[in-house]
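Any value given below was found using the heavy atoms of this structure, including those in side chains, with hydrogens, waters and symmetry copies removed. One-based numbering along the sequence shown.
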Amino acid sequence: MANTDCVGVRVFSLNCWGIRYLSKHCSQRYQMIGQMLCKEQHDIVLLQEVWSEKDFLYLKTKLASTHPHSHYFKSGVIGSGLAILSKHRIHDTFLYRYSLNGYPYMAHHGDWFGGKAVGMAVLNLAGLTANVYVTHLHAEYSREKDSYLSHRVVQAWELQQFIRHTSTGADVVIVGGDLNMHPQDLGCRLLMSYTGLRDSYVETAKFDGCENGMTLIADNPFINKNELIPFEKGIRIDYILFKGSSKASVNCDFMSTTKGSVPGHALPYSDHEALTAELRLESHIPAQTGSDKTQDTPAEKLAELVDTLTEARTEVKVGLHCAERMRYTAARTGVMGLALLFLELAIAAVPCFALGAEQPFPRISFYLLAALCFAILLTTFLLYIFYTMELKSLQGAEDQMRLAVGSLQEKLRGFPVAQPHNVPLRSPEGQQPSALDPEE
């Protein structure tokens with residue numbers, strides 16, 4: 001390989017916690033974020049939870065001189081909350097909304113109304129085509145009793161599919177956002193192993209920030225420490241991931257996070273810590289065009305990916321059983337409401353068949369009972385439709401995983417029993433190959 005060019009790219013990612021009228025000191029924090037971004041002048045800025053388009057327009061105007069190119073991804077009832085600002089021209093964008101995203105009746109959590117999604121932007125970085133992704137997955141509200149685990153696993157599955165199928169022509173892949181998953185969580189392992197993405201915190205040559213790269217820390221004044229239990233100091237759920245190709249290698253020279261309150265201010269930028277990764281992109285001429293596509297994937301990685309996929313299928317099946325049970329409950333409640341309505345009609349018909357008999361119940365009682373019956377029928381009907389849609393999405397994801405496991409096992413059977421000990425874990429360009437390098 002002959003190196004021909006090297007360029008540095010500074011990537012910034014932050015969950016802004018920008019819920020107007022609900023998030024604390026929202027306007028003041030956006031002003032602080034805008035001032036900091038103007039000063040630091042990152043190449044790429046990836047933002048999550050920018051729920052108000054007015055706040056995005058404020059940042060867009062504020063950063064017009066330093067980041068002239070921007071895009072706000074719109075989705076759901078109140079938007080996706082995703083935005084990207086860049087020094088480099090954005091040539092194309094696309095948004096994929098996750099098929100599962102919580103429950104509408106869990107209004108106090110609010111994820112369903114947000115339209116969680118992954119946004120993609122295509123940039124040109126010093127002659128290299130870069131696919132930049134920003135995403136925000138469903139929150140984990142309880143570690144011990146996670147009602148949304150199957151939804152988050154399906155989101156991670158759809159995220160890796162979206163990245164793999166849209167980045168086949170990209171020289172560089174950069175992913176940033178709030179994944180709401182710990183590094184060793186199932187969804188995170190599924191995403192990393194299937195796409196070959198590398199974690200900036202793990203790969204960086206130098207780090208300055210919170211202990212263990214944590215992005216949700218107990219020292220942040222906006223954080224309720226009880227929500228971090230059993231992790232007293234904090235957790236790491238925000239990431240900047242990257243991957244190169246046969247045309248370019250990517251390395252992380254430096255990474256940093258904020259550490260709670262901003263120096264000179266009494267407030268932090270958000271309840272999450274901000275991440276900055278300084279990536280080094282080195283373009284080169286491949287010795288043999290497409291040589292990395294013909295390399296066999298290590299059998300150890302395939303076996304590990306089969307185990308991860310099998311575990312993911314198990315969690316999805318658990319979600320399937322739960323959705324089936326909830327749909328059955330909704331149907332049963334609807335039948336009870338319908339029976340109650342028929343009973344009311346039968347009582348109301350008594351005076352018609354018994355001449356001279358008076359109605360034994362006040363008319364207002366019938367009106368209230370009828371309203372209750374119709375409310376039950378409407379609610380259960382809507383819930384039945386919702387759980388049916390959830391079932392379809394879970395079944396579709398499980399079917400896709402089943403096919404993927406079969407394909408991986410078929411590839412695994414093609415490997416010899418004894419593997420050489422000097423099989424490289426990385427490609428000659430220094431990139432970690434995807435555990436399932438797409439051949440299409």
Between [X] and [Y], is there a side-chain N and carboxylate O pair less than 4.0 Å apart?
X: R327; Y: E390; value: no
X: D253; Y: R280; value: yes
X: E40; Y: R10; value: yes
X: E211; Y: K233; value: yes
X: R189; Y: E304; value: no
X: R29; Y: D271; value: no

Verify, without hydrogens or angle tests, whether [X] (side chain) and [Y] (backbone) share a donor-acceptor contact under 3.5 angstrom.
X: T257; Y: C210; result: yes
X: S407; Y: L403; result: no
X: N224; Y: N226; result: yes
X: S80; Y: F73; result: yes
X: Q155; Y: L100; result: yes
X: R152; Y: A139; result: yes
X: N180; Y: L137; result: yes
X: T135; Y: A117; result: yes
X: T258; Y: G260; result: no
X: S249; Y: S245; result: no

### Query
Hey, mind stepping through I84 and L47 against side chain to side chain contact (heavy atoms under 4.5 Å, CB included) and telling me if it holds?
CA-CA 6 Å; I84 178 172; L47 302 178; over 6 Å; no
Do [X] and [Y] come within less than 4.5 Å of each other through their side chains, counting heavy atoms only?
X: H109; Y: Y141; answer: yes
X: I44; Y: I174; answer: yes
X: M120; Y: V132; answer: no
X: Y96; Y: E158; answer: yes
X: Q161; Y: Q400; answer: yes
X: I90; Y: V122; answer: no
X: N220; Y: S261; answer: no
X: L241; Y: L191; answer: yes

### Query
Passes side chain to side chain contact (heavy atoms under 4.5 Å, CB included), F254 versus D208? Steps please.
CA-CA 8 Å; F254 177 73; D208 178 28; 3.9 Å; yes
If you round to the nearest 0.5 Å, how far is [atom2] of [Y] from [atom1] of [X]?
X: F56; Y: K74; atom1: CZ; atom2: NZ; result: 9.0 Å
X: H138; Y: D178; atom1: NE2; atom2: CG; result: 12.0 Å
X: M106; Y: S147; atom1: CE; atom2: OG; result: 6.0 Å
X: Q409; Y: L305; atom1: CD; atom2: CG; result: 11.0 Å
X: I163; Y: L197; atom1: CD1; atom2: CG; result: 5.5 Å
X: M32; Y: S270; atom1: CE; atom2: OG; result: 10.5 Å

Looking only at heavy atoms, what is the nearest atom pair of [X] and [Y], with distance?
X: A404; Y: L309; answer: CB-CD1, 3.8 Å
X: G244; Y: V250; answer: CA-CG2, 3.8 Å
X: C16; Y: V50; answer: SG-CG2, 4.0 Å
X: R97; Y: K116; answer: CG-O, 3.7 Å
X: T204; Y: K206; answer: OG1-O, 2.7 Å
X: V154; Y: S99; answer: CG1-OG, 4.1 Å

### Query
Which is it for D55 and K62 under the salt bridge (Lys or Arg N to Asp or Glu O under 4.0 Å) test, yes or no, and what are the steps along the way?
CA-CA 10 Å; D55 293 325; K62 179 79 173 179; over 6 Å; no
### Message
Tell me which one of D238, N15, I235 satisfies side-chain contact (heavy atoms from CB on, under 4.5 Å) with L216.
### Response
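Testing each of D238, N15, I235 against L216, the sole residue satisfying side-chain contact (heavy atoms from CB on, under 4.5 Å) is I235.
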### Mutual orientation of the aromatic rings belonging to F12 and H42 [parallel < 30°, tilted 30-60°, perpendicular > 60°]
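The rings of F12 and H42 sit tilted, inter-plane angle from 30° to 60°.
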Tell me if the [atom1] atom of [X] is crowded by more than 12 foreign heavy atoms within 6.0 Å.
X: M389; atom1: CE; result: no
X: K87; atom1: NZ; result: yes
X: Y105; atom1: OH; result: yes
X: Y384; atom1: OH; result: no

#### Entry: Between Y133 and N131, a side-chain donor and acceptor under 3.5 Å
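A donor-acceptor contact under 3.5 Å links the two side chains.
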### Message
Any donor-acceptor pair under 3.5 Å linking the side-chain atoms of Y239 with those of S13?
### Response
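No, no side-chain donor-acceptor pair sits under 3.5 Å.
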### Query
Who are the side chain to side chain donor-acceptor pair (under 3.5 Å) partners of E398, not counting sequence neighbours?
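For E398, the residues satisfying side chain to side chain donor-acceptor pair (under 3.5 Å) (neighbours in sequence not counted) are R313.
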### Query
Given T66 and Q41, is the side chain to side chain donor-acceptor pair (under 3.5 Å) satisfied, shown in steps?
CA-CA 6 Å; T66 58; Q41 297 191 12; 5.9 Å; no
### Query
Is there a side chain to side chain contact (heavy atoms under 4.5 Å, CB included) between R20 and K54 once you walk through the steps?
CA-CA 10 Å; R20 278 205 167 196; K54 291 182 179 179; 3.6 Å; yes
### Message
Which residue is it: D199, T215, N212? I am looking for the one with a side chain to side chain donor-acceptor pair (under 3.5 Å) to R236.
### Response
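That would be D199; it is the only one of D199, T215, N212 passing the side chain to side chain donor-acceptor pair (under 3.5 Å) with R236.
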Check whether the ring centres of [X] and [Y] lie less than 6.0 Å apart, and answer yes or no.
X: F207; Y: Y201; value: yes
X: Y269; Y: W17; value: no
X: H182; Y: F231; value: yes

### From CA spacing to verdict: side chain to side chain contact (heavy atoms under 4.5 Å, CB included), W157, F162
CA-CA 9 Å; W157 171 256; F162 182 75; over 6 Å; no
### Candidate pair K259 and D219, rule salt bridge (Lys or Arg N to Asp or Glu O under 4.0 Å), full reasoning
CA-CA 8 Å; K259 304 175 184 178; D219 293 335; over 6 Å; no
